[in-house]
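Each residue takes its place number in the sequence, starting with 1. The basis for the numbers below is simple: all heavy atoms, side chains too, and nothing from hydrogens, waters or symmetry mates.
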Amino acid sequence: MKKIIALLLCLATVVTVFASCSARDEDDKGAIVNMYLFNEIRNFDPLYAYTNESSLEHDGEDSNGNPVFISKLNANAEAVELLGLLYEGLFRLSSDGKVEKALCKSYEYIKKENADKPENNVYMLRITLRDTRWSDNTKVSANDFIFTVKRILDPGISCDAAVMLYDIKNAKLVKSGDISRDRLGISSPDTSTIEIEFEKDINVDRFLEVLASPILVPLRENKVDAHETDDKGELIYGADGMPATSKDWATKATSLVCSGPFFIRKLDDTLGKEWALERNKYYSAKENREEAVDKYVTPYKIIIHYDFSLDEVLNAYNEGTLFYVGALTSEAFEQYKDQLTINDTFSVGSYMFNPDSELMQNPAVRRALSLALDRNEIAKFVTASIPATGLIPMKVYDLDKKTSYRAQYGDVIKTEANIEEAKSVLKAAGVKGGEIVLLARTSQHTKNDEVGMAAYAKAQWEKLGFTVTVDEKGRNQYQAKFNEGAYDVLYTDWQAYSVRPFNMVAPFSIYYSGTALDTEHHNYDPKPNRTGYSDSEYDKIIEEAASFDEGSRERNDKVYEAEKKLMEDMPIIPLVFYRDYYMISKELSGIKDTYYNFKILTKMKLKNYHDYLPAEETEEATAAE
């Protein structure tokens with residue numbers, strides 16, 4: 001409450017003389033909007049930011065010998081919301097799933113077939129970029145997007161989104177380490193044009209949906225592969241005598257550059273502090289042309305209050321000092337439900353197993369643990385969620401956006417617990433108990449009550465004869481335990497990176513996992529994804545699915561067969577389907593939703609915003625007069 005009072009006192013000092021002005025003063029930068037987004041993230045690299053862990057670990061080298069630092073937990077829906085403000089891709093999906101141009105100015109599909117020499121057939125998508133610039137005033141170029149694609153397909157980098165790019169010529173061969181990245185079918189004849197070649201004739205509309213994935217945003221190679229320097233600007237060298245690659249580019253506001261409408265102006269080193277996003281004045285701006293500062297991005301700043309508890313968030317909203325709320329306690333969610341905008345997401349709250357745990361690698365144990373859980377009860381611990389009925393979430397398409405895959409194929413797991421069936425599965429497998437360590441995060445800033453969920457799971461699993469220890473850890477200790485492998489089960493988000501169901505089940509096959517290969521020792525044997533799951537029968541199903549065209553009933557039928565197989569072997573336990581929700585003040589307008597749930601805030605307006613400017617902003621404007 002002290003924080004709320006302090007915020008109110010700060011606003012009380014505002015100079016309100018501007019409120020009566022009918023025209024914008026030249027020194028008026030625009031609105032400063034106080035908002036609350038949930039689950040603070042600390043890595044803004046789109047390839048890895050969908051993990052909400054702040055710590056990174058060394059994970060070998062990419063094919064060029066550069067060190068790779070990642071956190072191995074999977075994606076979460078919250079990161080999509082923030083990164084959607086910082087980066088912009090070639091395309092995006094509107095709230096109803098329609099493909100819209102973003103960085104793309106225009107595109108054309110070129111098809112040239114030679115019946116006598118089919119090896120000379122050409123299938124190419126040519127994309128022209130619109131003129132826009134990074135937050136440091138560097139032009140966004142075709143090579144920035146090409147770098148992102150080649151990075152995802154680098155055999156030395158783990159990324160289970162790689163499978164959705166396999167329509168690109170030579171993409172699968174590049175990812176498997178069979179040929180060089182230089183032979184990938186993507187190039188740039190000039191700085192504003194991208195040419196993507198394909199193995200065969202494709203459905204262009206479906207590939208544009210792929211390009212709308214939030215993970216496919218341009219990145220600057222000179223930032224990602226920048227060398228580390230000391231305080232004097234001198235290069236830091238590693239043990240091998242080579243310049244060390246910096247891992248700060250995506251974790252520090254001072255080194256991060258953004259192509260989207262906002263960039264991070266203020267980011268405290270300590271967790272749970274206030275963040276500040278500021279208008280990227282170069283976003284869409286024309287070079288050497290004077291334009292109004294708010295022509296393309298209306299709000300000047302967005303202040304994200306991670307320094308508030310969820311109770312303080314609600315108090316600030318009701319006091320009229322916080323204008324957007326994206327996280328509530330379960331009780332507040334029910335109380336304010338009529339005021340909330342609620343949408344399905346691409347994220348599935350799941351229990352994941354330690355791939356090195358002997359007990360957890362027994363499929364019978366995993367299946368029994370799943371059967372013992374009532375997902376209706378689990379949903380009570382995750383605000384706004386609904387019980388999961390399979391691995392593939394509600395927003396993933398069936399053949400097109402008219403019908404969801406989940407609606408077409410129905411449930412593959414039951415939401416109710418079945419203790420007796422779980423006991424029968426264990427008995428048939430000859431399993432008589434065992435010890436389980438369930439790792440759970442403690443936090444006041446999350447929509448998930450992992451501790452309460454873990455207590456419920458412990459009670460259910462002990463009915464099966466297991467001895468369960470719930471290891472409650474704060475954020476940093478949790479990450480350390482994960483890195484050490486000191487757990488058997490933990491809670492995570494499992495994210496779909498595209499609207500196509502094949503792309504979510506394929507990474508459980510070792511041939512489509514996207515897991516980094518041991519390029520350092522020239523070992524290119526395929527590896528399973530982070531669950532450790534490997535099954536030759538499953539691999540065959542995925543290969544058969546891949547042989548059919550994307551968006552065909554034949555492929556989706558095979559996807560359904562693969563999903564059923566996964567839910568029998570249970571390499572991961574789907575628990576809940578997340579839903580995105582938010583509440584906005586009547587003073588705020590101009591917020592647009594997208595299909596991936598990040599918000600378009602370029603035209604967001606705060607009514608009478610001068611009344612809410614902090615004292616330092618109004619004093620600065622007055623001094624400028």
Taken to the nearest 0.5 Å, the spacing of Asn597 CG from Ser347 OG works out to 9.5 Å

For Arg206, the salt bridge (Lys or Arg N to Asp or Glu O under 4.0 Å) test, sequence neighbours excluded, returns none

- Query: Under 4.5 Å between any side-chain heavy atoms of Asp344 and Pro393, yes or no?
  - Reply: no

Practice prompt. Scan side-chain atoms only and decide if Ser94 and Asp96 contain a donor-acceptor pair under the 3.5 Å cut-off.
Written response: yes

Residues passing the salt bridge (Lys or Arg N to Asp or Glu O under 4.0 Å) test with Lys603, sequence neighbours excluded, are none

For Phe91, the ring-ring contact (aromatic ring centres under 6.0 Å, His included) test, sequence neighbours excluded, returns Tyr107

Would you say Leu165 and Leu216 make side-chain contact, with heavy atoms under 4.5 Å?
yes

Do Val297 and Asn280 have side-chain heavy atoms sitting under 4.5 Å apart? no

Quick note, ring-ring contact (aromatic ring centres under 6.0 Å, His included) partners involving residues 312-337, not counting sequence neighbours, are Phe323-Tyr612, Tyr324-Tyr582, Phe333-Tyr581

Here the pair of heavy atoms bringing Lys605 nearest to Thr298 is CG-CG2, 4.1 Å

Phe145 and Ile186: side chain to side chain contact (heavy atoms under 4.5 Å, CB included), yes or no, with the steps? CA-CA 10 Å; Phe145 179 77; Ile186 188 168; 4.1 Å; yes

Distance col, row Ile127:CD1 vs Ile196:CD1, nearest 0.5 angstrom, shows 4.5 Å

### Query
Would you call Ile194 and Leu90 a side-chain contact if the rule is heavy atoms closer than 4.5 Å?
yes

Residue set satisfying salt bridge (Lys or Arg N to Asp or Glu O under 4.0 Å) with Arg500, at least two apart, ordered chain then number -> Glu209

Hits for ring-ring contact (aromatic ring centres under 6.0 Å, His included) against Tyr405, two or more places apart or cross-chain, chain-then-number order -> Tyr409

Taken in chain and number order and not counting sequence neighbours, the residues that satisfy side-chain contact (heavy atoms from CB on, under 4.5 Å) with Thr132 are Leu103, Arg130, Val140, Tyr283, Ser284

Minimal heavy-atom distance between Leu129 and Lys105, with the atoms involved, is C-CB, 3.8 Å

Residue set satisfying ring-ring contact (aromatic ring centres under 6.0 Å, His included) with Phe207, at least two apart, ordered chain then number -> Phe198

Arg92 and Ala102 have their tightest heavy-atom pair at NH1-CB, 3.7 Å

### Query
Any idea how Tyr596 and Phe346 line up, ring-wise: parallel (<30°), tilted (30 to 60°), or perpendicular (>60°)?
parallel

(Q) Can a side-chain donor-acceptor contact be found between Ser141 and Asn143 if the only test is distance below 3.5 angstrom? (A) no

Fill in: Worked verdict on Ser309 versus Asp311 for side chain to side chain donor-acceptor pair (under 3.5 Å)
CA-CA 5 Å; Ser309 69; Asp311 288 335; 5.1 Å; no

Answer whether the closest heavy-atom distance between the side chains of Phe381 and Val576 falls below 4.5 Å.
-> no

Can you see whether Lys139 engages Ser192 through a side-chain donor-acceptor pair at a distance of less than 3.5 angstrom? yes

Closest non-hydrogen atoms of Val348 and Leu575, given as atom of the first, atom of the second and distance, are CG1-N, 4.5 Å

By ring-ring contact (aromatic ring centres under 6.0 Å, His included), Phe44 pairs with (sequence neighbours left out) Trp275

Does some side-chain heavy atom of Phe598 sit less than 4.5 Å from a side-chain heavy atom of Leu86?
no

Closest non-hydrogen contact found for Gly30 with Arg279 is CA-NH2, 4.3 Å

Checklist entry - Is there side-chain contact between His610 and Asp28, with at least one heavy-atom pair below 4.5 Å? => result yes

What one should report as the nearest heavy-atom pair of Glu291 and Tyr296 is OE2-OH, 2.9 Å

Interatomic distance, CD1@Ile304 vs NZ@Lys266, rounded to 0.5 Å, equals 12.0 Å

Rounded to the nearest 0.5 angstrom, the CD-OH distance for Glu100 and Tyr595 is 14.0 Å

Contacts of Asp131 meeting salt bridge (Lys or Arg N to Asp or Glu O under 4.0 Å) (sequence neighbours excluded), chain-then-number -> none

So the salt bridge (charged side-chain N to carboxylate O under 4.0 Å, His left out) pairs with at least one residue in residues 584-599 (sequence neighbours excluded) are Glu81-Lys599, Asp580-Lys599, Asp593-Lys599

The side-chain contact (heavy atoms from CB on, under 4.5 Å) partners of Ser404 (sequence neighbours excluded) come to Arg406, Ala407

Any donor-acceptor pair under 3.5 Å from Ser498 side chain to Ser213 backbone:
no

One should read off an interatomic distance between Leu606 CG and Asp611 CG, to the nearest 0.5 angstrom, of 9.0 Å

Looking only at atom types and distance, does a side-chain atom of Gln339 sit under 3.5 Å from a main-chain N or O of Met583, one as donor and one as acceptor?
no

Practice task
Mark yes or no for whether Asp154, through its side chain, and Lys150, through its backbone, hold a donor-acceptor pair below 3.5 Å.
Solution key: no

Side chains of Asp205 and Val99 in contact at under 4.5 Å (non-hydrogen atoms)
no

Value for OG (Ser135) from CZ (Phe262), rounded to nearest 0.5 Å, stands at 12.5 Å

Side chain of Arg579, backbone of Ala384: donor and acceptor closer than 3.5 Å? yes

